[in-house]
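Worksheet: the structure to be examined is printed underneath.
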Amino acid sequence: DAGVIQSPRHEVTEMGQEVTLRCKLISGHNSLFWYRQTMMRGLELLIYFNNNVPIDDSGMPEDRFSAKMPNASFSTLKIQPSEPRDSAVYFCASSLGPHQPQHFGDGTRLSIL
Amino acid sequence: KNEVEQSPQNLTAQEGEFITINCSYSVGISALHWLQQHPGGGIVSLFMLSSGKKKHGRLIATINIQEKHSSLHITASHPRDSAVYICAVGGGATNKLIFGTGTLLAVQP
């Protein structure tokens, strides 16, 4: 089992650019979580999908952020346009269900200049 | 006041010591998670529990639902246990996790 796979591992881009983060779930998992980690705020849930359907997006900061699950094993988190305050580590996690242990990817370290 | 409070925020121990990290929460939960984050940044789920006690190797996690409190214990600590330990609680239909701020543990040889 390869675990949750995130790409890229690091991203540095200028403000105003579009950023796309990618996540491949563990095979058979049907719950997908996007988190953001910063020094100031720690870990925060951005959005949660179950069976490809967004269930809770209350953590998405604003309209610049969007997330999709085009199929059961893959998700994207897009920021457009990006701003320096979006700089953080973004984690994706998947689980067998909403009440099961979550398996985290290695994260994407995003720096917006 | 944060919904999930951890203590201590920082902990330095000598190799071999018994370590306890505490987590208190103020919301209703369906489960509590203990996570470990190493300096490289990766996050590993250590435990998910809703009652009683769980043990995995040198790690023990306990939870008291009535008191809304959980502890993570590490026996015979080792420098490789050095990491940030994060408590998170999940509840409601979506099991949305609310995270504590973490405890930075350094185990010195």
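Chain letters run A, B, ... following the sequence lines, proteins first and then strands; every chain starts at 1.
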(request) To the nearest 0.5 angstrom, please state how far the CD atom of A/Q37 sits from the CD1 atom of B/I43. (result) 5.5 Å
(request) Provide the closest heavy-atom pair for A/Q100 versus B/H33 in the form atom of the first, atom of the second, distance. (result) O-CE1, 4.4 Å
(request) Against chain A, label B/S30 side chain, backbone, both or neither, depending on which of its atoms sit under 4.5 Å from a heavy atom there. (result) side chain
(message) Which one wins on heavy-atom pair count under 4.5 Å against chain B: A/L43, A/V89, A/D106?
(response) A/L43
(message) Is it true that, when you exclude B/R58 itself, more than 12 heavy atoms of the residues, nucleotides or ligands shown sit nearer than 6.0 Å to its CZ?
(response) yes
(request) Give the cluster check for B/I60 versus B/I21: same hydrophobic cluster or not, with ILVMFWY residues linked at side-chain heavy-atom distances below 4.5 Å. (result) no
(message) Heavy-atom count check: over 12 atoms from other residues, nucleotides or ligands less than 6.0 Å from A/R64 CZ?
(response) yes
(message) Taking atom CD as the centre, does A/E62 end up with more than 12 heavy-atom neighbours from other residues, nucleotides or ligands that are less than 6.0 angstrom away?
(response) yes
(message) Quick check on B/I98 against chain A: is it the side chain, the backbone, both or neither that has a heavy atom closer than 4.5 Å?
(response) neither
(request) Taking all heavy atoms of A/Y35 and all of B/L97, pick out the closest pair and write down the distance. (result) OH-CD1, 3.5 Å
(message) Tell me if the CD atom of B/Q14 is crowded by more than 12 foreign heavy atoms within 6.0 Å.
(response) yes
(request) Might you point out which heavy atoms bring A/S58 and B/K96 nearest each other, and give the distance in Å? (result) OG-NZ, 3.2 Å
(message) How about CD on B/Q9, more than 12 heavy atoms from neighbouring residues, nucleotides or ligands closer than 6.0 Å, or not?
(response) no
(request) Check B/F99 against A/E44 and note the closest heavy-atom contact, atom names and distance. (result) CD1-N, 4.5 Å
